[in-house]
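Below you'll find the structure, written out as structure tokens, and then a few comments.
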Number of protein chains: 2
Amino acid sequence: MNASEPADPGLLALAEDFREALRHSIYLVRRLDADGELSAAQLSMLKMLMDAGPAAGGVRVGEIARNLGVKVPSATEQIIKLERAGLARREPDPDDSRAVRVTLTDAGLAAVASANERRNTVMAGVLSSLSDEDRAALAAALPVIGRINATLLA
Amino acid sequence: MNASEPADPGLLALAEDFREALRHSIYLVRRLDADGELSAAQLSMLKMLMDAGPAAGGVRVGEIARNLGVKVPSATEQIIKLERAGLARREPDPDDSRAVRVTLTDAGLAAVASANERRNTVMAGVLSSLSDEDRAALAAALPVIGRINATLLA
DNA sequence: GCCTAACTGTTAGGCTACCTAACTATGAAC
DNA sequence: GTTCATAGTTAGGTAGCCTAACAGTTAGGC
């Protein structure tokens with residue numbers, strides 16, 4: 001984390017390779033999201049609502065923004081679009097009248113499920129062309145990438 | 001690749017996890033690119049020009065677009081910005097008067113080097129907090145991710 | 001040779017998702 | 001019961017992508 005001291009060359013090389021892989025993966029994700037009724041941003045938000053929502057009867061706007069790594073007005077904007085599409089609902093927070101709680105509608109739940117399934121099928125098709133060793137290597141790295149993401153989003 | 005037959009459940013689960021990791025990584029990349037003089041799109045293009053450019057005295061606009069996974073007008077737009085910033089140069093192709101060859105200027109070369117170094121240092125800082133096993137797992141997966149990207153961009 | 005078809009890149013216009021700044025309304029502290 | 005902080009919305013602007021329409025260049029068929 002300390003940028004002032006010279007970093008290990010091996011670490012820097014890994015960092016570069018990882019960044020490169022992510023950079024290319026962005027186009028992959030773009031490709032994957034191109035043929036959908038739901039944009040990447042909207043699907044991300046719906047998915048987050050599905051994961052975190054039921055617990056407390058909805059997710060607050062600020063929390064949504066924080067979870068997605070965007071600012072609050074950007075979250076508001078997306079929420080309004082989802083609401084207009086009938087996929088999400090905004091309700092006043094009973095405990096804090098300033099706050100708003102966002103929940104998925106049944107249609108939203110169905111939409112995220114079907115969009116997810118479609119994308120997973122495409123991705124599974126790609127993965128099926130890999131060797132077993134490759135798939136194992138990928139599976140082993142996913143938790144690590146998760147930890148990296150958690151570190152940076154913290 | 002065949003979406004019509006029911007996919008292996010394990011494969012679908014891996015596909016979902018991988019997509020999830022990529023989805024989160026997008027925010028990671030955004031964070032990494034936020035504190036820069038160069039946008040992610042511009043850095044991508046500069047880097048591509050550095051990798052592919054010297055060979056043939058420049059890269060053609062169509063090729064740039066194809067390499068970056070965008071359409072030709074989008075590439076033109078970015079190239080013009082880079083040109084205005086003094087980082088790239090457009091020259092007529094001696095062999096085909098329709099074509100344009102794009103090359104990096106010295107300033108462009110320096111810019112990509114410094115932007116890269118800065119981002120690598122940040123990423124290396126994050127990676128340094130991982131265990132050796134985690135780093136090994138990540139390193140092992142990068143070539144696989146590269147193959148996946150190549151498959152989808154082909 | 002020329003005329004047509006194919007190709008390369010630019011221009012024009014529009015969209016989505018993000019941002020900052022300014023505002024409203026509620027809650028909390030003292 | 002002011003005053004200060006917090007939650008969210010609104011307004012206005014930007015970057016990066018797209019499609020459609022265009023101009024110039026090349027290549028083939030006759």
Side-chain angles (χ1 to χ4, degrees), chain A residues 23 26-46 48 56 58-85 87-103 153, chain B residues 23 26-46 48 56 58-85 87-103 153:
Chain A
R23 184 165 73 80
I26 287 177
Y27 299 111
L28 185 159
V29 171
R30 181 140 57 222
R31 171 78 58 102
L32 214 55
D33 286 331
D35 59 331
E37 59 304 326
L38 236 48
S39 75
Q42 289 177 340
L43 181 56
S44 283
M45 186 172 287
L46 288 176
M48 207 227 66
V59 186
R60 295 168 59 143
V61 175
E63 199 181 346
I64 292 175
R66 198 166 41 73
N67 282 335
L68 295 184
V70 300
K71 301 298 177 187
V72 170
S74 305
T76 295
E77 189 179 344
Q78 290 300 334
I79 292 164
I80 289 174
K81 282 184 190 164
L82 292 181
E83 197 177 31
R84 273 206 269 264
L87 303 177
R89 213 183 352 251
R90 275 194 291 185
E91 289 160 342
D93 186 324
D95 299 337
D96 183 344
S97 317
R98 295 171 300 177
V100 170
R101 294 209 163 264
V102 182
T103 50
L153 274 183
Chain B
R23 185 165 73 81
I26 287 176
Y27 299 111
L28 184 159
V29 171
R30 181 140 60 222
R31 171 77 60 101
L32 216 55
D33 286 331
D35 59 331
E37 59 304 324
L38 238 45
S39 75
Q42 290 178 338
L43 183 54
S44 284
M45 186 172 288
L46 288 176
M48 207 228 65
V59 186
R60 294 169 60 142
V61 175
E63 199 182 346
I64 292 175
R66 197 166 41 73
N67 282 334
L68 295 185
V70 300
K71 301 298 178 186
V72 170
S74 305
T76 294
E77 188 179 345
Q78 289 300 334
I79 292 165
I80 290 174
K81 282 184 191 167
L82 291 180
E83 197 176 29
R84 274 206 268 265
L87 304 177
R89 214 184 348 252
R90 275 194 291 186
E91 289 159 342
D93 186 325
D95 299 337
D96 184 343
S97 316
R98 294 171 300 180
V100 169
R101 294 207 163 266
V102 181
T103 50
L153 274 181

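The figures here come from the full heavy-atom set of this structure, side chains too, leaving out hydrogens, waters and symmetry mates. Please read these numbers as outputs of a predicted model, since none were measured by experiment.
Atom CG of B:Leu68 sits about 10.5 Å away from atom CD of B:Glu63, to the nearest 0.5 Å. Note: A:Arg60 CZ to A:Arg66 CZ = 10.5 Å, rounded to the nearest 0.5 Å. Taken from CG in B:Leu38 to NZ in B:Lys81, the straight-line distance is 11.5 Å, to the nearest 0.5 Å. Atom CE of B:Met45 is separated from atom CD1 of B:Ile79 by 5.0 Å, given to the nearest 0.5 angstrom. In this structure, the separation between CD on A:Glu83 and CZ on A:Arg90 is 4.5 Å, given to the nearest 0.5 Å.
With DNA chain C read from its 5' end, the first of the two nearest nucleotides for A:Ser97 and B:Ile79 is the one closest to B:Ile79.
If you check every strand for non-hydrogen atoms under 4.0 Å, A:Val70 touches sugar and phosphate atoms only. The residue A:Asp93 sits apart from the nucleic acid: no heavy atom pair falls under 4.0 Å. Residue contacts for B:Gln78: at a heavy-atom cut-off of 4.0 Å it reaches the sugar-phosphate backbone alone, with no base atom in range. Contact annotation for A:Val72: base contact, defined as any heavy-atom pair under 4.0 Å involving a base atom.
Under 4.0 angstrom from either OP1 or OP2 of D:dG16 there lies at least one side-chain N or O belonging to B:Ser39. Between B:Ser74 and D:dG16, a side-chain N or O to OP1/OP2 separation shorter than 4.0 Å is absent.
Base pairing of D:dT25: its partner is C:dA6, meeting the Watson-Crick or G-U wobble criterion (both donor-acceptor distances under 3.5 Å).
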Provide a list of protein-nucleic acid N or O atom pairs under 3.5 angstrom, restricted to nucleotides 2-7 of chain C.
unit_1	atom_1	unit_2	atom_2	d
C:dC7	O2	B:Arg98	NH1	2.9

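Remark: P of C:dG9 and CD of B:Glu83 are 14 Å apart, rounded to the nearest angstrom. Residue A:Ile64 contributes atom CD1, which lies 9 Å from atom P of D:dG8 at whole-angstrom precision. The distance between atom NZ of B:Lys71 and atom P of C:dT8, rounded to the nearest whole Å, is 14 Å. Put simply, CD on A:Gln42 is 13 Å from C1' on C:dC15, counting in whole angstrom units. Going from atom CZ of B:Arg66 over to atom C1' of C:dT8 covers 14 Å, rounded to whole Å. With rounding to whole Å, A:Leu68 atom CG is found 16 Å from C:dT16 atom C1'. One interatomic measurement links the two molecules: CD of B:Glu77 to C1' of D:dA15, which rounds to 8 Å at whole-angstrom precision. At whole-Å resolution of the value, CD1 in B:Ile80 and P in C:dG9 are 13 Å apart.
Listed here is the closest heavy atom pair of B:Arg23 and A:Ser44: CD-OG, 3.2 Å. When every heavy atom of A:Ala75 is checked against every heavy atom of A:Ile64, the shortest pair comes out as CB-CG2, 4.3 Å. Contact detail for A:Val102 and A:Ala88: the closest heavy-atom pair is CG1-CB, 4.2 Å.
Nearest to the side chain of B:Ala41, among C:dA17, C:dT10, D:dC17, sits D:dC17. Taking only side-chain atoms of B:Lys81, from C-beta outward, the nucleotide of D:dT26, D:dA15, C:dT26 with the closest atom is D:dA15. Nearest nucleotide to the A:Val61 side chain, out of C:dC19, D:dG8, C:dC18: D:dG8. Closest approach to the B:Thr76 side chain among D:dA15, D:dC18, C:dG9 is made by C:dG9 (side chain taken as heavy atoms from C-beta onward).
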